[in-house]
Amino acid sequence: MPLSTQSQADDEQYVLVASMDNARNLSNILKAITFKDHAIFSATPNGLKVTVEDSKCLQANAFIQAEIFQEFTIKEDLVGFQVNLTVLLDCLSIFGGSTVPGVSTALRMCYKGYGYPLTLFLEEGGVVTVCKINTQEPEEPIDFEFCSNNVTNKVILLSESLKEAFSELDMTSEVLQITMSPSQPYFRLSTFGNSGNAHYDYPKDSEMMELFKCTKTQTNRYKMSLLKPSTKALALSCKVSVRTDIRGFLSLQYLVRNDDGQICFVEYYCCPDEEVEEE
């Protein structure tokens with residue numbers, strides 16, 4: 001890959017260098033969390049975490065492990081910056097995002113540190129383009145304080161079945177109501193839209209259900225406008241973990257396989273809209 005022939009002297013000045021043979025593996029996962037312009041990048045020796053937030057109600061995180069990159073060099077324990085995600089995605093697809101077998105855009109992403117731009121070297125068919133994107137000091141992401149100790153209910157589903165549910169429910173509804181319970185209806189999605197109320201139930205022994213672990217009956221509503229961005233991640237994923245904690249906060253964790261069969265995770269946190277009284 002011609003990009004790797006850059007002089008070692010160039011590399012000395014960067015605190016972060018990340019390269020991959022197929023830029024689509026990065027752009028696809030970033031598209032799954034693109035619902036606001038700005039994203040917070042946090043790099044550690046384990047890889048890259050990219051965070052996007054909407055007010056204080058919704059947060060999406062994409063986790064791209066260091067192993068997914070052909071080269072991942074970091075000189076500090078933590079390297080963080082904020083960048084315009086829309087601009088970054090435009091740069092990553094500068095060659096048109098070819099889907100022709102055997103043709104891919106190689107990427108080398110470099111960052112010198114605070115105050116410097118994020119520099120992308122993109123190469124396809126021997127042509128190299130350099131993009132420089134201004135960075136800002138990263139804001140502190142909201143801590144949703146979602147910890148596994150406080151999780152009351154958890155199910156893992158095949159993504160296909162959740163896509164099917166969303167296609168059957170009324171998406172004109174302002175809220176999605178989620179009921180999770182150790183007894184019937186076990187796991188129920190409900191909408192209240194223009195065409196009336198709709199429910200979609202999953203039996204706990206459904207072949208679409210990989211794990212069912214519910215300790216108490218919980219019914220919470222979440223604003224559909226907040227959940228809609230997560231359907232981008234759902235479309236890419238093969239499995240999804242749905243968890244709620246004692247406060248009714250929702251975690252949707254999507255397992256996404258990239259073009260090379262490697263696994264990345266995208267997680268959405270959403271705060272409840274209102275508590276529904278149990279009858």
Side-chain angles (χ1 to χ4, degrees), residues 31-33 35 54-61 144-148 150-257 265-279:
K31 282 176 190 164
I33 60 166
F35 54 89
D54 184 0
S55 53
K56 290 186 165 46
C57 305
L58 181 70
Q59 182 184 87
N61 295 294
F144 274 72
E145 296 173 356
F146 195 100
C147 68
S148 48
N150 293 334
V151 168
T152 47
N153 296 318
K154 176 181 180 179
V155 299
I156 297 177
L157 301 165
L158 297 183
S159 298
E160 281 306 317
S161 77
L162 202 53
K163 289 177 202 168
E164 187 181 306
F166 282 145
S167 68
E168 293 195 17
L169 290 165
D170 187 345
M171 299 313 258
T172 64
S173 175
E174 286 190 6
V175 294
L176 176 70
Q177 181 173 295
I178 300 179
T179 302
M180 298 170 89
S181 173
S183 54
Q184 279 192 316
Y186 303 118
F187 183 57
R188 168 177 281 183
L189 304 176
S190 308
T191 51
F192 314 93
N194 297 340
S195 54
N197 299 353
H199 300 297
Y200 195 96
D201 290 355
Y202 293 83
K204 66 173 181 178
D205 54 358
S206 160
E207 58 188 23
M208 292 296 178
M209 186 93 65
E210 194 171 280
L211 177 84
F212 178 87
K213 201 172 176 184
C214 293
T215 60
K216 62 174 277 195
T217 300
Q218 260 184 318
T219 300
N220 289 289
R221 291 183 176 186
Y222 305 92
K223 279 197 170 71
M224 195 68 89
S225 58
L226 293 177
L227 292 178
K228 275 190 175 155
S230 74
T231 56
K232 294 179 185 175
L234 177 63
L236 289 173
S237 68
C238 46
K239 287 181 195 174
V240 55
S241 154
V242 183
R243 295 181 297 160
T244 52
D245 70 6
I246 49 180
R247 304 165 301 165
F249 278 61
L250 176 69
S251 155
L252 297 167
Q253 194 177 57
Y254 299 94
L255 186 150
V256 178
R257 247 182 244 285
F265 288 97
V266 172
E267 187 161 40
Y268 274 81
Y269 291 122
C270 184
C271 66
D273 186 37
E274 56 184 282
E275 187 69 36
V276 178
E277 294 300 319
E278 288 167 22
E279 295 171 14

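- Applying the salt bridge (Lys or Arg N to Asp or Glu O under 4.0 Å) rule to Lys204 yields no partners; only residues at least two apart in sequence or on another chain are considered.
- Checked against Leu252 for a side chain to side chain contact (heavy atoms under 4.5 Å, CB included), the options Val266, Leu234, Leu227 give a single hit: Leu227.
- Scored by the side chain to side chain donor-acceptor pair (under 3.5 Å) test, Thr179 finds Thr219 as partners (sequence neighbours excluded).
- A distance-only check finds no donor-acceptor pair linking the side chain of Asp245 to the backbone of Ser148 [under 3.5 Å].
- Under the salt bridge (Lys or Arg N to Asp or Glu O under 4.0 Å) criterion, Lys239 pairs with Glu210, not counting sequence neighbours.
- In terms of the salt bridge (Lys or Arg N to Asp or Glu O under 4.0 Å) criterion, Glu168 has no residue partners (sequence neighbours excluded).
- The side chain to side chain donor-acceptor pair (under 3.5 Å) test applied to Arg188 returns Asp201, not counting sequence neighbours.
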Practice task
Give the C-alpha distance, both sets of side-chain angles, the deciding distance and a yes or no for side-chain contact (heavy atoms from CB on, under 4.5 Å) between Tyr269 and Asn61.
Solution key: CA-CA 9 Å; Tyr269 291 122; Asn61 295 294; 3.9 Å; yes
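- Residues Leu255 and Ser237 form no side-chain contact, since every pair of their non-hydrogen atoms from C-beta on lies 4.5 Å or further apart.
- To the nearest 0.5 angstrom, Ser225 atom OG is 8.0 Å from Asp54 atom CG.
- In terms of the side chain to side chain contact (heavy atoms under 4.5 Å, CB included) criterion, Lys213 has no residue partners (sequence neighbours excluded).
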Review item, side-chain donor-acceptor pairs of residues 189-196, under 3.5 Å, at least two apart:
residue: Ser190; atom: OG; partner: His199; partner atom: ND1; Å: 2.7
residue: Thr191; atom: OG1; partner: Asp170; partner atom: N; Å: 3.2
residue: Ser195; atom: OG; partner: Asp170; partner atom: OD2; Å: 2.7

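- For the side chain to side chain contact (heavy atoms under 4.5 Å, CB included) test, residues two or more places apart in sequence or in another chain that qualify with Ala60 are Ile33, Phe35, Tyr268.
- Here the straight-line distance linking atom CD of Glu160 with atom SG of Cys238 works out to 10.0 Å at 0.5 Å rounding.
- Residues Ala233 and Ala32 approach most closely at CA-CB, 3.8 Å, considering heavy atoms.
- Side-chain N or O atoms of Thr152 include one that pairs as donor or acceptor with a backbone N or O of Thr244 at under 3.5 Å.
- Two rings, from Phe146 and Phe249, have their centers 6.0 Å or more apart.
- Gln253 pairs by the side chain to side chain donor-acceptor pair (under 3.5 Å) definition with nothing, not counting sequence neighbours.
- For the ring pair (Phe, Tyr, Trp, His ring centres under 6.0 Å) test, residues two or more places apart in sequence or in another chain that qualify with Tyr202 are Phe187, Tyr200.
- Legend: residues meeting ring pair (Phe, Tyr, Trp, His ring centres under 6.0 Å) with Tyr254, ordered by chain and number and at least two apart, are absent.
- Under the rule for a side chain to side chain donor-acceptor pair (under 3.5 Å), the partners of Lys223 that lie at least two apart in sequence or sit in another chain are Asp273.
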Practice task
Give the C-alpha distance, both sets of side-chain angles, the deciding distance and a yes or no for side-chain contact (heavy atoms from CB on, under 4.5 Å) between Glu174 and Met224.
Solution key: CA-CA 5 Å; Glu174 286 190 6; Met224 195 68 89; 5.9 Å; no
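- Using a 4.5 Å heavy-atom threshold, the side chains of Ser241 and Lys154 count as touching.
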